Structures are given as C-alpha cells and as structure tokens.
There are 2 protein chains.
Amino acid sequence: MVYRGMTTDLNPNTMAAWVSLIRASERAVSQVEAVLKYQNLPPLSWYDALIEVEKSGATGVRPYELRERLLMPQYGTSRLLARIEKAGYIQRVPCSMDGRGHVVKITNEGKAVRKRMWPIYSNCIKNMVETNLTHLQADALRSLVDCVAVDKIR
Amino acid sequence: MVYRGMTTDLNPNTMAAWVSLIRASERAVSQVEAVLKYQNLPPLSWYDALIEVEKSGATGVRPYELRERLLMPQYGTSRLLARIEKAGYIQRVPCSMDGRGHVVKITNEGKAVRKRMWPIYSNCIKNMVETNLTHLQADALRSLVDCVAVDKIR
DNA sequence: TTTATATAGATGCATATGCATGTATGTTTT
DNA sequence: AAAACATACATGCATATGCATCTATATAAA
C-alpha cells in the first residue's frame, strides 16, 4: 500500500480547475498591466483606488475604508495612496471627525487619468473575456469563481 | 447624446465575471501563501519550480525551459533559482551541451520539502475548490477560465 | 575564419512589498 | 481623570520585482 500523503488525493477536475484559474488570472492581469504601461498609464491598482475615491465624491473616503474595499494590507494602502498623491491624482486631508485619520479625495487630474485609463482597461477586458465567452457563459463563470476560496461561516 | 468613451460599454456580465475572477484568484493565492508561511514552508512559487525540477529527474532541466513552463520573466527565474539553490533545495551545474547554460537538479532536501508542502497545498485547494464545487462544476470552471485571455491565432 | 547576430543567464539600480513597530489619537475601564 | 487598551496611519528594514544592460557562448553570414 503506497503512502499518499496525509490527505486523500485531489480529484483531477479540482486540480485542473485550480491550475487553470491561477494561470488565467495571471495571464489576464499581466496583460492589462502591459497594455496600461505601453500607454504610459499607471498600474491597475491605481485604477481600483481612483475609482473608489472618485465614487466617494466630495465627501471623500477614509484610507481604512479603502483598505477594506480593496482587500489590501494597511501598509499597502498607505503607500499606494502616498504614491498616487505624489502623482497629484488624489489629496489626503486631515479628518475633522477623527484626529487620527485622513480623508482622501480625487483631484481633477485624478479624474482625468482615470477616465483615460478606462477605455484601455475595458478594452482589455472585452478582448480577454467578452470575445471568448457569451454573456451567459460569463455569468456562469462569475457564479463558479464566486464559490472559490469563500469562507464558510456557520 | 452622451459620450461613452472610445468603445461601447462592457456587458455587465462580462465585467462581473472579470471582477470575480481577479478577486477569487487573489483570495485563493494569498490564502495558500498564508498557510504555507504559517507552516514555515517556502512560498508557492518555490513549489511550482520544485515540482518541475523534480519531474525532470536525473536529467535536470534548463532554466530557460523552466521560464517557459512557469511563465515568468527571465530575471525572475534566475533569481528564484538562486534563492532556492541558496536554501539547498536545488543544484545548478554548468551544462556540458551548452557552455552558456546550466542544468538544474533537485536535491534530497528539495524533494523532502516539496513532499512536505504538498499536503498543505493540496489541502488548501481542497478547502477552497473541492468543498465548494462538484467535480462537474470544477470541470465547467476549468473550461470557462481556459477561454479567458487566450491569444487567438488565426 | 573573421564578423555579425542571437541566445542563456546574471546583475545594478530603482521601485514595490511584507513584517514589525512607531506615533498619535480615540475609546473604555477603573 | 488616570490608566489601559484599541484604532488610524506611517515607516525602517529586509526582501522581491521590473527594467535595462552586461557577460559569455553559440550560431549564422560575409
């Protein structure tokens, strides 16, 4: 009887799905990053931050809220915002409600660059997803990947 | 008539699939990395390299072949191998067939650590994929993500 | 065969990330 | 109100990554 590790083996379909999932997202992200860079535009992470900040409007958004929405570590958010601010696309102003914190707001330059990024970005998504999957398939894909790595609370 | 950018808008299903795909793979990878780190094991990229080197057996494998299989930049491969070698898990020996290159072989320590990583890694996959998707669904997921970001040659 | 060009791999430098910890302010407990 | 604790955010240090370039060898052209 051959020793097969502390767990029973993975089903081949499971393993294949795993490999394909990781590969696909790596391909996809690096593709978008390459195109953005080629167009002299900031990386994808800036887009995600800018769109959140822009959506927060004149009110602005707190870095910790951004951290929650973007699912990145606290120091990651801090430094990402520092870089984006340095580029002039956002402003960080002290928060009047909470002396510990800041409020982040988008600048006109920030709005402009986000607006320039969108057609490039969306075009990538179109090429990578929309041309390869029907809308029905896209929906099926979404509902399947939404089941991956979810924390089951019970 | 409102200007809507240089392209027509993305279908909502496409966009939703995109977002879910990226999020799922980020969750999944960071989950595996966290568990490996918690178990004082090397990162996922080491596993991928080690398994390829191990599969190459006594013959060994050339770094450029690894680069192709792992889909990483040349300098990335070079430095990843340098780190793994420093840890004693692989050996790089000059290639007798090609004076420019090297051949990479796994050491016994390398085999051992890869073997220790596998149950941890596969258990993550099991928790993240197998418990949430039937084998049929896993296969559907694989076939859908395999369509994403593929270069259509015509 | 000498010269040009391509390929394998390494590396200096700038930037990004992870980890731990620091500073400041807010909230809760006693 | 003082002390203890929690939260918001920044940062020093080590490591990792991207980019461009370098060295060495191989292959092709002249």
Side-chain angles (χ1 to χ4, degrees), chain A residues 26-27 29-49 52-53 56 60-87 90-105, chain B residues 26-27 29-49 52-53 56 60-87 90-105:
Chain A
E26 284 175 356
R27 277 199 306 276
V29 169
S30 73
Q31 170 74 8
V32 178
E33 297 287 15
V35 173
L36 287 171
K37 185 165 293 186
Y38 180 76
Q39 300 280 346
N40 292 306
L41 288 166
L44 203 41
S45 57
W46 289 38
Y47 187 90
D48 293 336
E52 284 301 326
V53 178
S56 76
V61 63
R62 299 285 296 274
Y64 78 90
E65 296 178 288
L66 234 36
R67 187 189 65 68
E68 290 166 359
R69 295 184 205 164
L70 303 178
L71 297 173
M72 45 161 59
Q74 183 271 318
Y75 58 80
T77 312
S78 177
R79 291 201 263 229
L80 176 62
L81 292 176
R83 272 174 263 141
I84 301 179
E85 182 176 48
K86 196 174 161 202
I90 58 169
Q91 271 186 306
R92 282 190 290 187
V93 294
C95 178
S96 54
M97 300 291 101
D98 184 342
R100 296 166 301 180
H102 294 278
V103 173
V104 182
K105 296 178 187 180
Chain B
E26 284 175 355
R27 277 199 306 276
V29 169
S30 73
Q31 170 74 7
V32 178
E33 298 286 16
V35 173
L36 287 172
K37 185 165 294 185
Y38 181 75
Q39 301 280 347
N40 291 305
L41 288 167
L44 202 41
S45 56
W46 289 38
Y47 187 88
D48 293 336
E52 284 300 327
V53 178
S56 75
V61 62
R62 298 286 297 274
Y64 78 91
E65 296 177 288
L66 234 36
R67 186 191 66 68
E68 290 165 359
R69 295 184 205 165
L70 302 178
L71 298 171
M72 46 161 57
Q74 183 270 320
Y75 58 81
T77 311
S78 176
R79 290 200 265 228
L80 176 62
L81 293 176
R83 272 175 264 142
I84 301 179
E85 181 176 48
K86 196 174 162 202
I90 58 168
Q91 271 186 306
R92 282 189 290 188
V93 294
C95 179
S96 55
M97 300 291 99
D98 184 341
R100 295 166 301 180
H102 294 278
V103 172
V104 182
K105 295 178 187 179

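The model shown is predicted, which means the values in this text are computed figures rather than measured ones. Lettering follows sequence order; numbering is per chain, from 1.
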Under 3.5 Å donor-acceptor pairs involving side-chain atoms of residues 67-80 of chain B, not counting sequence neighbours:
| residue | atom | partner | partner atom | Å |
| --- | --- | --- | --- | --- |
| B:Arg69 | NH1 | B:Glu52 | OE1 | 3.0 |
| B:Thr77 | OG1 | B:Pro73 | O | 3.1 |

Seminar exercise, completed: Hits for side-chain hydrogen bond (donor to acceptor under 3.5 Å, both in side chains) against A:Tyr47, two or more places apart or cross-chain, chain-then-number order -> A:Arg114

Exercise. In whole angstrom, what separates A:Glu68's CD from D:dA8's C1'?
Worked result: 12 Å

Seminar exercise, completed: Pairing string of DNA chain D (Watson-Crick or G-U wobble, both atom distances under 3.5 Å; | = paired to other strand) is ||||||||||||||||||||||||||||||

Any protein N or O atoms within reach of nucleotides 21-26 of chain D? Criterion: under 3.5 Å, listing atom names and distances.
| residue | atom | partner | partner atom | Å |
| --- | --- | --- | --- | --- |
| D:dA26 | OP1 | B:Gly99 | N | 2.7 |

Problem set entry | Partners passing side-chain hydrogen bond (donor to acceptor under 3.5 Å, both in side chains) against B:Arg92 (at least two apart in sequence or in another chain) | B:Glu85

For this session: Would you kindly give the CE-to-C1' distance between B:Met72 and C:dA8, to the nearest whole Å?
Result: 17 Å

Seminar exercise, completed: When rounded to whole Å, the CZ to P distance for the pair A:Arg62 and C:dG26 reads 10 Å

For this session: Could you tell me the separation between the OH atom of B:Tyr64 and the C1' atom of C:dA6, rounded to a whole number of Å?
Result: 14 Å

For this session: Mind checking A:Arg67 for me? I need base, sugar-phosphate or nothing, with any heavy atom below 4.0 Å counting as a touch.
Result: nothing

Donor-acceptor pairs under 3.5 Å, side chain of residues 29-38 of chain A to any protein atom, not counting sequence neighbours: which ones?
| residue | atom | partner | partner atom | Å |
| --- | --- | --- | --- | --- |
| A:Ser30 | OG | A:Glu26 | O | 3.1 |
| A:Ser30 | OG | A:Arg27 | O | 3.3 |
| A:Glu33 | OE1 | A:Leu44 | N | 3.2 |

For this session: Please check the phosphate of C:dA10 (OP1 and OP2 only) for any side-chain N or O of B:Ser78 closer than 4.0 Å.
Result: yes

Seminar exercise, completed: The side-chain contact (heavy atoms from CB on, under 4.5 Å) partners of A:Ala87 (sequence neighbours excluded) come to A:Trp46, A:Tyr89

Problem set entry | Strand contacts (DNA chain D) in residues 31-40 of chain A, 4.0 angstrom heavy-atom criterion | A:Lys37

With 3.5 Å as the limit, what N/O pairs link the protein to nucleotides 14-17 of chain D?
| residue | atom | partner | partner atom | Å |
| --- | --- | --- | --- | --- |
| D:dT17 | OP2 | B:Arg83 | NH2 | 3.1 |

Seminar exercise, completed: Separation of C:dT11 atom P from B:Glu85 atom CD, nearest Å, is 11 Å

Just distance, no hydrogens or angles: give the donor-acceptor pairs under 3.5 Å from side chains in residues 93-101 of chain A, sequence neighbours left out.
| residue | atom | partner | partner atom | Å |
| --- | --- | --- | --- | --- |
| A:Asp98 | OD1 | A:Arg100 | N | 3.0 |
| A:Asp98 | OD1 | A:Arg100 | NE | 3.0 |
| A:Asp98 | OD2 | A:Arg62 | NH2 | 3.4 |
| A:Asp98 | OD2 | A:Arg100 | NE | 3.4 |
| A:Asp98 | OD2 | A:Arg100 | NH2 | 2.8 |

For this session: Indicate the atoms forming the closest heavy-atom contact of B:Ile90 with B:Leu81, along with that distance.
Result: CD1-O, 3.5 Å

Exercise. Expressed in angstrom and rounded to an integer, what is the separation of B:Leu66 atom CG from C:dA8 atom P?
Worked result: 13 Å

